[in-house]
Amino acid sequence: MGIVCAQETKQEQPAKKGCSCSFAPIIQGGALMGEKGAFWQVQTIQGIRYKTWYAGIGAGVDWYSIKGVPVFLDLRKDIFKTANSPFFYFDGGIHLA
């Protein structure tokens, strides 16, 4: 009579490949100062973050002299791969008065 021992090994499944991107909204407000006085603005940008890049579409409201609605594209690039990295950004679009 013999004794046999066996062990089942669990096979690791390969990690799923896919986009490491995430939805990231930005809401920002600020003051506008100029010859006609001080006014305020509010903007929202809805976009996607991928590693150190961010791209989104934004719109807002500002009350500088005449009420206006800026509509724009927003592109950002973090300088470092840290949570609180400085960044460069570019916005381009149209301002509807």
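- Summarising the local packing, CD1 of I57 is surrounded by 12 or fewer heavy atoms from other residues, nucleotides or ligands at distances under 6.0 Å.
- Looking at heavy atoms from C-beta onward, W53 lies in side-chain contact with L75 at the 4.5 angstrom threshold.
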Going through the distances and angles, do F80 and D78 end up as a side-chain contact (heavy atoms from CB on, under 4.5 Å)?
-> CA-CA 6 Å; F80 307 115; D78 291 339; over 6 Å; no
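- The line from OH of Y54 to CD1 of I26 is 4.0 Å long, rounded to the nearest 0.5 Å.
- The environment of NZ in K77 is crowded: more than 12 heavy-atom neighbours from other residues, nucleotides or ligands sit within 6.0 Å.
- Nearest heavy atoms, A38 versus M33: CB-SD, 3.8 Å.
- If you take CD on Q43 and CG on D91, they are separated by 7.0 Å, rounding to the nearest 0.5 Å.
- Here W63 contributes atom CH2 and L32 contributes atom CG; the two are 11.0 Å apart, rounded to the nearest 0.5 Å.
- Closest approach of V61 to P70, counting heavy atoms only: N-CD, 4.0 Å.
- Shown here is F23, whose CZ atom has more than 12 heavy atoms of other residues, nucleotides or ligands within 6.0 Å.
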Candidate pair F90 and L73, rule side-chain contact (heavy atoms from CB on, under 4.5 Å), full reasoning | CA-CA 8 Å; F90 172 80; L73 295 175; over 6 Å; no
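- In this structure, I79 places its CD1 atom where more than 12 heavy-atom neighbours from other residues, nucleotides or ligands lie under 6.0 Å away.
- R49 CZ to R76 CZ: the interatomic distance, rounded to the nearest 0.5 Å, is 8.5 Å.
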From CA spacing to verdict: side-chain contact (heavy atoms from CB on, under 4.5 Å), T52, F87 = CA-CA 9 Å; T52 60; F87 60 92; over 6 Å; no
